[in-house]
Amino acid sequence: QVQLVESGGGLVQAGGSLRLSCAASVNTFSNYVMAWFRQAPGKEREFVAALTWRSINTYYADSVKGRFAISRDDAKNTLYLQMNNLKPEDTAVYYCAADIHTRWKNAQVAGMAGDYDYWGQGTQVTVSS
């Protein structure tokens, strides 16, 4: 059983920054593909970013490229999402996710929510205009 706990969400003005964290409860965290997804009210959950084993590959949704950065600290079993130049359309609940069965995914598979085994409870990000 893997527990994922997100933190760092909040209210920020457009153009501002936030850093989300996702703490994992297991020491095998370094072996997992990790990702961030988000879900806005009335919309489906969508892919934001993913990171493979040892950060060899990173993938981003087109809507966040150049503004968001995903990273991991395997010594702390923690995943991060640095979000800069935030826009009102970034408002959503942000979830981290773990695939414990593989160390690597290609870009297409990395964006598929159904391919992840464990999810956090989510953290709210609200961007005001």
Novice: Can any side-chain N or O of Tyr59 pair as donor or acceptor with the backbone N or O of Lys105 at less than 3.5 Å?
Specialist: yes
Novice: What closest approach, in Å, do Ala40 and Thr91 show between heavy atoms, and which atom pair accounts for it?
Specialist: CB-O, 3.6 Å
Novice: Going only through I, L, V, M, F, W and Y residues with side-chain contacts under 4.5 Å, is there a path from Leu81 to Phe47?
Specialist: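 Looking at the clustering, Phe47 is in a separate group from Leu81.
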Novice: Output the distance between atom CG (Asn106) and atom OG1 (Thr52), rounded to the nearest 0.5 Å.
Specialist: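 The OG1 atom of Thr52 is 11.0 Å from CG of Asn106, to the nearest 0.5 Å.
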Novice: If you take all heavy atoms of Asn85 and Ser17, which pair is closest and at what distance?
Specialist: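 What the structure gives for the nearest pair is N-OG, 4.3 Å.
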Novice: How many angstroms lie between CG in Leu18 and OH in Tyr94, if you round to the nearest 0.5 Å?
Specialist: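 Leu18 CG to Tyr94 OH: 9.0 Å, rounded to 0.5 Å.
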Novice: May I ask whether Ile100 and Leu51 are part of the same hydrophobic cluster, defined by side-chain heavy atoms of I, L, V, M, F, W, Y residues being less than 4.5 angstrom apart, directly or through others?
Specialist: yes
Novice: Kindly work out whether a path of hydrophobic side-chain contacts (I/L/V/M/F/W/Y, heavy atoms less than 4.5 Å apart) joins Tyr60 to Val127.
Specialist: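 They do share one cluster, since a chain of ILVMFWY contacts under 4.5 Å joins Tyr60 to Val127.
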Novice: How long is the straight-line distance from CZ of Arg45 back to CH2 of Trp119, given to the nearest 0.5 Å?
Specialist: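 Interatomic distance, Trp119 CH2 to Arg45 CZ, rounded to 0.5 Å: 5.0 Å.
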Novice: Please check if the side chain of Trp36 supplies one atom and the backbone of Tyr80 the other of a donor-acceptor pair under 3.5 Å.
Specialist: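 Present.
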Novice: Please say whether the positively charged group of Arg38, taken as NZ for Lys or CZ for Arg, lies over the ring of Tyr95, i.e. under 6.0 angstrom from the six-membered ring centre and within 45 degrees of the axis.
Specialist: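 No, Arg38 does not lie over the aromatic ring of Tyr95.
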Novice: Check the surroundings of atom CD in Glu46: do more than 12 heavy atoms from other residues, nucleotides or ligands lie under 6.0 Å from it?
Specialist: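 Enclosed: over 12 neighbouring heavy atoms sit under 6.0 Å from CD of Glu46.
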Novice: Can you confirm whether the side chains of Thr126 and Gln124 place a donor and an acceptor under 3.5 Å from each other?
Specialist: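 The criterion, which ignores hydrogens and geometry beyond distance, is satisfied for Gln124 and Thr126.
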Novice: Can you tell me if Glu6 uses its side chain to pair, donor with acceptor, with the backbone of Cys22 under 3.5 Å?
Specialist: no
Novice: Will you find, in the side chains of Asn84 and Arg67, an N or O donor that is under 3.5 Å from an N or O acceptor?
Specialist: no
Novice: Are Tyr118 and Tyr32 near enough that their ring centres are under 6.0 Å apart?
Specialist: no
Novice: For the backbone of Val26 and the side chain of Asn77, can you confirm whether one donor and one acceptor N or O come within less than 3.5 Å of each other?
Specialist: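 Checked: pair present.
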Novice: Would you confirm whether Asp73, through its side chain, and Thr78, through its main-chain N or O, come within 3.5 Å as a donor-acceptor pair?
Specialist: no
Novice: Looking at Leu4 and Cys96, what are the two nearest heavy atoms and their distance?
Specialist: CB-SG, 3.6 Å
Novice: I want to check a possible cation-pi pair here: Arg72 against Trp53, using under 6.0 Å from ring centre and within 45° of the ring axis as the test.
Specialist: no
Novice: Do you reckon Leu79 sits in the same ILVMFWY cluster as Val2, going by side-chain contacts under 4.5 Å, direct or chained?
Specialist: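 They do share one cluster, since a chain of ILVMFWY contacts under 4.5 Å joins Leu79 to Val2.
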Novice: Looking at every non-hydrogen atom in both residues, tell me the closest pair between Lys43 and Gln39 and how far apart they are.
Specialist: O-NE2, 3.1 Å
Novice: Side chains of Thr123 and Val93, heavy atoms from C-beta outward: is any pair under 4.5 Å?
Specialist: no
Novice: Would you call Lys87 and Asp90 a salt bridge, taking side-chain N to carboxylate O under 4.0 Å as the test?
Specialist: no
Novice: Identify the heavy atoms of Lys65 and Asp62 that sit nearest to each other, and give their distance.
Specialist: NZ-OD1, 3.2 Å
Novice: Starting at CD1 of Ile70, measure out to OG of Ser55 and round the result to the nearest 0.5 Å.
Specialist: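 Rounded to the nearest 0.5 Å, the CD1-OG separation comes to 8.5 Å.
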Novice: Minimum heavy-atom separation for Pro88 and Ala14, please, with both atom names.
Specialist: CD-CB, 4.1 Å
Novice: Is there a donor-acceptor contact under 3.5 Å from the side chain of Tyr116 to the main chain of Ala110?
Specialist: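 Flag set: sc Tyr116 to bb Ala110 pair under 3.5 Å.
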Novice: With hydrophobic residues grouped by side-chain heavy-atom distances under 4.5 Å, do Val48 and Val12 end up in a single group?
Specialist: yes
